[in-house]
Amino acid sequence: MNKPTEVLATSEKGASRKVFDRLKDAYRRQPYIDLKTRLDTLKKIEEILIKNEAAICETISQDFGNRSFHETKILEIIGSISGLRYTRKKLKKWIKPQKRHVSVLFFGAKNVVIPQAKGVVGIVTPWNYPLFLSLSPLTSVIAAGNRAMIKLASNSQNLCVLLQSLFSKHIPDDIVTFLPGVGASEFSSLPFDHLVFTGSPDVGRTIMKSASQHLTPVTLELGGKSPTIITEDYDILAAVDRIMYSKLVNSGQMCVAPDYLFVPANKVETFIEAAKATVFARYSELESKDYTSIIDQKAYDRLMDTLQDARKKGAEIINLLPGDENKDSIRKISPLIAKNVTEEMRLMQEEIFGPILPIKTYDKIDEVIDYINSHERPLALYIYSNNKKVQEKLLAHTMSGGVSINDCAMHVGQHDMPFGGIGNSGMGQYHGLEGFMEFSKMRPVFKQAKRALSLAPPYGDKTDRIYNFVTKMKRIS
């Protein structure tokens with residue numbers, strides 16, 4: 001298998017433009033891809049995943065340095081397959097023209113909305129879930145009848161080469177093409193009909209600026225600091241079990257990971273002791289093959305600097321595993337809890353994207369609401385409470401991309417609900433029907449009746465009578 005550096009070195013300058021032109025020409029020749037072809041393409045993608053799961057797991061682990069095969073299977077392969085199957089099940093219904101109401105002023109006319117493919121869609125995928133975050137938007141893109149170009153992160157180039165090879169054998173390259181070795185700026189500057197980007201808010205702004213040169217619509221999934229709240233009524237042990245899973249899967253390198261935690265002051269020590277027991281039962285040691293490495297040295301160093309900054313400013317760092325807090329040789333950082341955190345710490349200013357969980361205490365739920373609302377809108381909000389009034393208050397007085405109640409991140413796996421951010425955490429959404437609509441032009445078509453009401457000049461008594469009649473009607477629309 002080619003190494004990422006070899007792929008990058010042999011990448012032809014301007015290759016992405018040539019690929020784009022090929023897909024655009026194919027779209028012009030055949031702007032409508034029929035239902036059968038869309039369903040067949042989605043089915044072939046599923047078959048690629050099933051038949052090549054071992055190679056995919058091995059390749060992703062190679063890109064990470066170490067990544068649990070089970071995490072790849074559960075979170076990437078199963079997640080992708082279930083989305084593909086759900087979409088195939090619903091697609092026949094989604095593509096039908098939608099009849100719309102006609103105003104009485106246009107009696108006898110017809111309104112219909114036709115979902116049509118936009119054309120060529122670019123997908124820019126991050127390294128943390130490189131398979132799922134490629135195929136989840138791709139599923140919606142193909143369902144809507146588009147053609148797609150996909151660029152994976154520089155840290156996922158082994159996977160990109162593998163997917164390019166697998167897809168090219170089974171799916172026409174004028175429908176789906178993966179592009180190893182292509183830079184983000186070159187890719188995002190192409191005149192796509194729609195562009196999907198998953199990554200950081202800072203890079204998202206750059207992507208959006210590039211896309212604006214062609215007035216390309218964008219879907220941005222940008223992450224952020226997702227708050228997690230445990231209320232007085234909720235079982236602390238149940239909360240620990242679920243929170244620590246979502247925080248430590250993929251070693252915390254997940255855009256919807258719980259980023260910081262609000263706990264009632266009287267339950268902090270109980271949470272910490274339970275977290276130690278839970279983490280030890282799952283991993284036992286830092287070298288565990290089930291515990292994923294930090295993606296690269298740059299990310300590892302950033303996390304270590306963030307920890308050092310927190311310590312200098314008064315944070316207490318608690319190691320949840322016995323032994324070393326970190327091992328540079330395998331780029332692993334132990335699951336950690338940070339107490340006594342303050343706003344001056346980088347830990348509370350930047351998305352952590354690692355296995356460190358800051359804890360903040362509170363007395364009243366209004367303190368939590370005020371804190372959340374004083375910061376950028378997060379991609380996710382997590383509420384652990386059985387009190388419906390508290391749940392409703394938090395939902396009504398905060399805003400986030402999505403919400404999971406009494407669990408973390410599980411809303412992402414619901415294929416009949418949209419996934420997307422708001423404000424600093426993104427714009428647009430995909431998954432399910434909303435994903436189909438995101439990548440479709442919902443084209444309105446009005447068909448006039450054979451005999452239609454005319455209000456053309458010369459104006460006079462007839463026009464006035466019609467006007468008076470219409471304005472006195474209770475229902476015009």
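Note that the structure is a prediction, hence the values are computed from the model and not measured.
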Is any side-chain heavy atom of [X] closer than 4.5 Å to a side-chain heavy atom of [Y]?
X	Y	result
Asp309	Glu344	no
Glu221	Phe419	yes
Asp235	Tyr384	no
Met442	Gln98	yes
Leu195	Ile123	no
Asp328	Tyr300	yes
Ile229	Tyr382	no
Phe167	Ile150	no

ask   = Please walk me through it: do Phe187 and Val124 pass side-chain contact (heavy atoms from CB on, under 4.5 Å)?
value = CA-CA 8 Å; Phe187 188 88; Val124 183; 3.6 Å; yes

request  = Could you give me the CA-CA distance, side-chain angles and deciding distance for Tyr430 and Phe436, then say whether ring-ring contact (aromatic ring centres under 6.0 Å, His included) is met?
outcome  = CA-CA 7 Å; Tyr430 54 89; Phe436 173 82; over 10 Å; no

message = Can you confirm if the NZ or CZ of Lys360 lies within 45° of the ring axis of Tyr371 and under 6.0 Å from the centre of its six-membered ring?
response = yes

inquiry  = Determine whether Glu392 and His397 satisfy the following criterion, side-chain hydrogen bond (donor to acceptor under 3.5 Å, both in side chains), listing intermediate values before the conclusion.
reply    = CA-CA 8 Å; Glu392 290 170 359; His397 291 87; over 6 Å; no

inquiry  = Applying the side chain to side chain contact (heavy atoms under 4.5 Å, CB included) criterion to Ile359, which one of Val263, Ile230, Val341 satisfies it?
reply    =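 Of all the options given, the one that passes is Val263.
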
Tell me whether [X] contacts the main-chain N or O of [Y] through its side chain, where contact means a donor paired with an acceptor under 3.5 Å.
X	Y	result
Thr278	Ala275	no
Gln157	Ala153	yes
Ser200	Val203	yes
Asn158	Thr59	no
Lys339	Ile317	no
Glu76	Phe132	yes
Thr216	Phe192	yes
Ser226	Ala380	yes
Lys225	Glu350	yes
Glu186	Val182	no

Whether the [X] and [Y] side chains hold a donor-acceptor pair (N or O, under 3.5 Å, no angle test) is what I'd like checked.
X	Y	answer
Thr72	Arg67	yes
Asn387	Asp233	no
Asn146	Arg38	no
Asp416	Tyr86	yes
Gln116	Ser440	no
Glu376	Ser425	no

message = Could you walk me through whether Ser251 and Gln253 satisfy the side-chain hydrogen bond (donor to acceptor under 3.5 Å, both in side chains) test, starting with their C-alpha distance in whole Å, then the side-chain angles of each, then the deciding distance to 0.1 Å, before giving a yes or no?
response = CA-CA 6 Å; Ser251 206; Gln253 299 168 109; 4.7 Å; no

Roughly how far apart are [X] [atom1] and [Y] [atom2], rounded to 0.5 Å?
X	Y	atom1	atom2	answer
Leu159	Ser61	CG	OG	12.0 Å
Glu285	Asp324	CD	CG	11.0 Å
Ser140	Leu91	OG	CG	10.5 Å
Arg346	Ile352	CZ	CD1	11.0 Å
Leu131	Lys73	CG	NZ	13.5 Å
Tyr234	Ile405	OH	CD1	11.0 Å

Counting only heavy atoms from other residues, nucleotides and ligands, does the tally under 6.0 Å from [atom1] of [X] exceed 12?
X	atom1	answer
His70	NE2	no
Met208	CE	no
Arg443	CZ	no

query = Can you list the steps and then say if Arg282 with Asp241 is a salt bridge (Lys or Arg N to Asp or Glu O under 4.0 Å)?
reply = CA-CA 10 Å; Arg282 289 173 179 170; Asp241 180 73; 2.6 Å; yes

Hey, is [X] close enough to [Y] for a salt bridge, meaning N to O under 4.0 Å?
X	Y	answer
Lys276	Glu273	yes
Glu71	Lys289	no
Asp296	Arg302	no
Asp366	Lys393	yes

task = Tell me, with the steps shown, if Leu303 and Ile356 meet side-chain contact (heavy atoms from CB on, under 4.5 Å).
result = CA-CA 9 Å; Leu303 287 167; Ile356 309 163; 4.2 Å; yes

query = What pair of heavy atoms forms the shortest contact from Val256 to Ala409, and how long is it?
reply = CG2-CB, 3.9 Å

request  = State, to 0.1 Å, how close Leu135 and Ser80 come at their nearest heavy-atom pair, and which atoms those are.
outcome  = CB-OG, 3.9 Å

task = Could you go through the side-chain contact (heavy atoms from CB on, under 4.5 Å) check for Leu261 and Ile243 one step at a time?
result = CA-CA 9 Å; Leu261 175 65; Ile243 291 169; 3.9 Å; yes

key: side-chain hydrogen bond (donor to acceptor under 3.5 Å, both in side chains) between Thr87 and His415, intermediate numbers included   = CA-CA 8 Å; Thr87 299; His415 298 294; over 6 Å; no

ask   = In chain order, what residues pass the ring pair (Phe, Tyr, Trp, His ring centres under 6.0 Å) check against Tyr362, with sequence neighbours excluded?
value =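 Checked Tyr362 against ring pair (Phe, Tyr, Trp, His ring centres under 6.0 Å); zero matches.
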
message = Between Arg147 and Val176, is the side-chain contact (heavy atoms from CB on, under 4.5 Å) condition met? List the steps.
response = CA-CA 6 Å; Arg147 300 161 195 274; Val176 180; over 6 Å; no

message = Go through it in stages, so that I can follow the logic: the residues are Asn319 and Ser334, the test is side-chain hydrogen bond (donor to acceptor under 3.5 Å, both in side chains), and I'd like the CA-CA distance, side-chain angles, deciding distance and then a yes or no.
response = CA-CA 7 Å; Asn319 189 351; Ser334 183; 2.4 Å; yes

key: Test of ring centre spacing under 6.0 Å for Phe439 and Trp94   =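 Ring centroids of Phe439 and Trp94 are no less than 6.0 Å from each other.
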
